[in-house]
Amino acid sequence: MDHPLRAIRATRVFADRPVPRDLVVDLVETARWTGSARNRQPWRLVSVTDPAVRHALARLGQYALPLAAAPVALVLLSDSQAGADTEFDLGRLCQTLVVAAHLAGLGSCPVSLYPNANAVEAAALTGHGHPWRAHHALALGWPGERLRGRSAVPVGRKALADVFVEL
């Protein structure tokens, strides 16, 4: 069976075309229904379209350059005092956004903003101080033309037997 979720890939090249605000709001409205531990919803989301801020964010992670290339950087903030399962909840939120974006025809690329000092700076760039941290963001936009040549990023997946065990 070929599942539609298998078609989702990280988009790192974006078309020079804005994403309508209403579409971003709809994605966030969908994602805010993502489950979280004890329904705490320990997150805030900030849509960044200002190129200067997106470029500043892109400097805060080893692989965060897509934030500068995309027309929207959606910054995922987490409450650093909300508990050990908060980052798991953020991962769920991010995956919901990735799927919702894909279904809307948009491309996306999740990025991490580390070390912790970078997450603090990223939160500050969005107007958020303690206890908020921005360890994650999502580059979002219409997919651009794929680059020619060989990708530096490995393609394909490990064999099912390498990742799945039945007891």
ILVMFWY network linking Leu140 to Ile8, side-chain heavy atoms under 4.5 angstrom: yes
Taken in chain and number order and not counting sequence neighbours, the residues that satisfy side-chain contact (heavy atoms from CB on, under 4.5 Å) with Arg17 are Ala15, Trp142
Apart from Leu60 itself, its cluster of hydrophobic side chains linked below 4.5 Å comprises Val46, Val48, Val53, Leu57, Leu67, Val75, Leu77, Val111, Leu113, Leu125, Trp132
When the side chains of residues 95-103 are checked against the rest of the protein, which donor-acceptor pairs come out under 3.5 Å, sequence neighbours left out?
from	atom 1	to	atom 2	distance (Å)
Thr96	OG1	Thr34	OG1	3.0
Thr96	OG1	Arg92	O	3.1

Side chain to side chain donor-acceptor pair (under 3.5 Å) filter on Ser36, not counting sequence neighbours, yields none
Tracing side-chain contacts under 4.5 Å among Ile, Leu, Val, Met, Phe, Trp and Tyr outward from Phe88 reaches none
Just list the side-chain donor-acceptor pairs under 3.5 Å for residues 23-32, sequence neighbours left out, or say none.
from	atom 1	to	atom 2	distance (Å)
Glu29	OE1	Arg32	NE	2.7
Glu29	OE2	Arg32	NE	3.4
Glu29	OE2	Arg32	NH2	3.2
Glu29	OE2	Trp33	NE1	3.3
Thr30	OG1	Asp26	O	3.1

SG (Cys109) and OH (Tyr63) are apart, to the nearest 0.5 Å, by 12.0 Å
Side chain Ser108, main chain Leu138, donor-acceptor under 3.5 Å: no
>> Are the side chains of Phe14 and Pro71 in contact, using a 4.5 Å heavy-atom criterion?
In response: yes
Practice prompt. Please tell me if the side chains of Ser80 and Pro131 come closer than 4.5 Å, counting only heavy atoms from C-beta onward.
Written response: yes
So do Cys94 and His136 actually touch side chain to side chain, heavy atoms under 4.5 Å? no
Contacts table for residues 158-166: side-chain donor-acceptor under 3.5 angstrom, sequence neighbours left out:
none

| task | Using a cut-off of 6.0 Å, state whether more than 12 heavy atoms not belonging to Tyr114 lie near its atom OH. | result | yes
Residues pairing under salt bridge (charged side-chain N to carboxylate O under 4.0 Å, His left out) where one sits in residues 118-145, two or more places apart or in two chains, turn out to be none
The complete set of salt bridge (charged side-chain N to carboxylate O under 4.0 Å, His left out) pairs with one or both residues in residues 74-89, sequence neighbours excluded, reads Arg38-Asp85, Arg40-Asp85, Arg40-Asp89
Residues pairing under salt bridge (charged side-chain N to carboxylate O under 4.0 Å, His left out) where one sits in residues 48-71, two or more places apart or in two chains, turn out to be none
By side chain to side chain donor-acceptor pair (under 3.5 Å), Gln41 pairs with (sequence neighbours left out) Asn39
Which of Leu76, Leu90, Thr86 passes side-chain contact (heavy atoms from CB on, under 4.5 Å) with Trp43? It is Leu90
*Between Asn116 and His135, does any side-chain donor sit less than 3.5 Å from a side-chain acceptor?*
yes
